[in-house]
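Since the structure comes first, as structure tokens, the remarks are kept for the end.
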Amino acid sequence: MGKRKYDVCIVGSGAGAGPVAYTLSRAGFKVLVLEKGPWFRTKDFTKDEIVAVRRSVYTPNLQDEPQVLETLNNEGEWIAKSTFKTGRDFWNGSLVGGSSNFMSGYFHRMKPMDFSLLSKYGPIQGANITDWPVSYEDMEPYYDKVEKIVGISGRVVDHEYQEPRSTPDYPQAPLAENMMAEWLDEAAQKQGYSLTTIPRAILSRQKGKRNACLYSNFCGSFACASDAKGSSRVALLDEALDTGNLTIRAQAKVFKLETNGTGKIERLWYHDMDGENQQIEAELFVIAAQAVETSRLLLMSKNIEFPNGLANNNGQVGKNLIFSAGGIGSGYFYYNDLPAEKVEKLKAPGVFVNRSIQKWYEIDDMNNGDRHKGGIIDFLFEHANASAKAIRQKWNDDGSLLYGTALKQKLKAYFTEQRRLKFEVFNDWLPTDDCFVTLDPEVKDKWGDPVARIRLGYHEHDLKIARYLTEKAEDLLKEMGAQKVSSSVSGSPPPNLQAGGCRFGDNPETSVLDKNCKAHEVDNLYITDGSFMPTGGSVTFTWTIFANSFRVADKMVERLKKQRAVS
């Protein structure tokens, strides 16, 4: 392998980076991970709501690292605004382990039809839909690998859209459930269908050095105090460090990939924690900085060989950015309407709902019977975050501000007299020409580098599917007897579920990466975060990102072993 200190240099440390670091280091190769954010250990995390969701502790300070978001106004004009000026934070984790530290761990596999959206359902005007260059069958062994290594709990329930599996069930038993799960099951049966248990990247029993879930109900937006949650940090990077072959360098902000005129990266440049510029040489380079920042880094890496940005001579870097479309809703169950014994069971703290509707993963009763890709509906309790719940109580029903005794009474009632059941809808965010990443020509970060400028356009078809699914979810809540049932559907993207921008494919003219996520134009560059995804399916992306990263890591091991044998 020559005189280079590292065989592989990885930019980023989240779900796309962890499997590569884990696999390559265990195979005996020297791996360096560069992470822009700090390196927090489990002992550093608490359930402090101010730290986790009200301050820029785990995400960058917007004065130092803004982004520029383009949104469509009522006059049909695209308006660009800096997040520092608006306060709209589009970061969702800048630290070792990335945003996987703060996920809720809702893990669904993509289904076979998700890999062939164009050929199965046909084109949709205004959407840049394409089939994947790999199939579900190619990915299935790696979905299974994630189950075993990261640790996924659940119970396989046979249903019409159950994806094929090489093993009969999940390696971890389902997490403990609240009585609300039984109510959901009963209501669904009355409506003529069954629910499924949601697979979770949360341990129900101890695994190695990781403890089982403590049932705090502080999952989403919070790091795990027991290491039960399968973040890249605890499930993969910590294991890889034990090999002695992995080095993690935190507070290292990569700003340039330098090529040598022959279509290969020669070295990488980063700003260290003291603001000094450092360089790294390696045989292979992997970018897994999350979709927006991955595209930004390639676009910043311009030179004579790549005047439009690294691997971007076809102009596709940053294009076809996708998020997760859908909607949210909820209903209330008031204790005064229920027998005392049911109230006590309903109040049980921490335990999960963990129910999902997959009946409408395909929809055939819209538009004269044409079949469309649908989505899933996941049910969960309102988050335990007390400050968020309290803040929402400050408004009267007419929109006026509530204060004094009236506010105190409302707060007491909200926290002691009811429980709120929520649902989240997930369906495809169709790629379009109006959702992409470029570099802002004016706004810079604290290092003087141009920030990402993100156009946040969406396709109306996304909203149509989401409305259909939210109506089904509302019907189920009403069947259960929930009150004040409501929902909302929006084209506003969730920043924690981002993909695309460097889609993979067989055609170098229309894709950035080949089917093994190696850049068409750069022989030693791989991209393993969600950037590779041409479409995202109707599920959260994280399990697929983990699985694909394991798949690509195997290809990299094969390549490095061949190179080592030759040398």
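You'll find the ring centres of Phe426 and His108 outside the 6.0 Å limit. Ring centers of Tyr215 and Phe352: under 6.0 Å apart, within the cut-off. When ring centroids are compared, Trp447 and Phe255 stay outside the 6.0 Å threshold.
Looking only at side-chain heavy atoms (C-beta outward), Ile149 and Glu239 stay at 4.5 Å or farther from each other. Contact annotation: the side chain of Asp514 never approaches that of Phe504 to less than 4.5 Å [non-hydrogen atoms, C-beta and beyond]. The side-chain heavy atoms of Cys502 and Ile527, taken from C-beta on, include a pair separated by under 4.5 Å. Between Met533 and Trp132 there is a side-chain heavy-atom pair separated by less than 4.5 Å. Lys209 places none of its side-chain heavy atoms less than 4.5 Å from the side chain of Asp227. Proximity of Gln498 to Val292: side-chain heavy atoms (C-beta onward) are separated by under 4.5 Å at one or more points. The side-chain heavy atoms of Phe40 and Phe45, taken from C-beta on, include a pair separated by under 4.5 Å. At a threshold of 4.5 Å between non-hydrogen side-chain atoms, the residues Leu284 and Tyr526 count as touching.
Closest heavy-atom contact between Leu34 and Leu268: CD1-CD2, 3.3 Å. In terms of heavy-atom proximity, Thr528 sits nearest to Ala17 at OG1-N, 4.4 Å. Shortest non-hydrogen contact noted between Asn496 and Gln290 is O-NE2, 4.3 Å. Closest of all the heavy-atom pairs between Asn313 and Glu305 is ND2-O, 3.5 Å. Summarising the geometry of Tyr58 relative to Ala52, their closest heavy-atom pair is CE1-CA, 4.0 Å, with the distance given to 0.1 Å.
Taking 4.0 Å as the cut-off between side-chain N and carboxylate O, Asp7 and Lys30 do not count as a salt-bridged pair. Under a 4.0 Å N-O distance rule, the pair Glu281/Lys5 does not qualify as a salt bridge. Salt bridge status for Glu382 with Arg392: present, with a side-chain N to carboxylate O gap under 4.0 Å. Residues Arg296 and Asp445 are paired through a salt bridge, judged by an N-O separation under 4.0 Å between the basic side chain and the carboxylate. In summary, Arg41 and Asp238 do not engage in a salt bridge, as defined by a charged side-chain N under 4.0 Å from a carboxylate O. Salt bridge Arg249/Glu35: absent, no basic N to carboxylate O contact under 4.0 Å.
Distance check: Phe306 CZ to Leu298 CG gives 10.0 Å after rounding to the nearest 0.5 Å. In this structure, Lys145 NZ and Ser549 OG are separated by 10.0 Å, a value rounded to the nearest 0.5 Å. Note that CD1 of Ile454 is 7.5 Å distant from CG of Leu321, once rounded to the nearest 0.5 Å. Taken from CZ in Phe323 to CZ in Phe541, the straight-line distance is 9.0 Å, to the nearest 0.5 Å.
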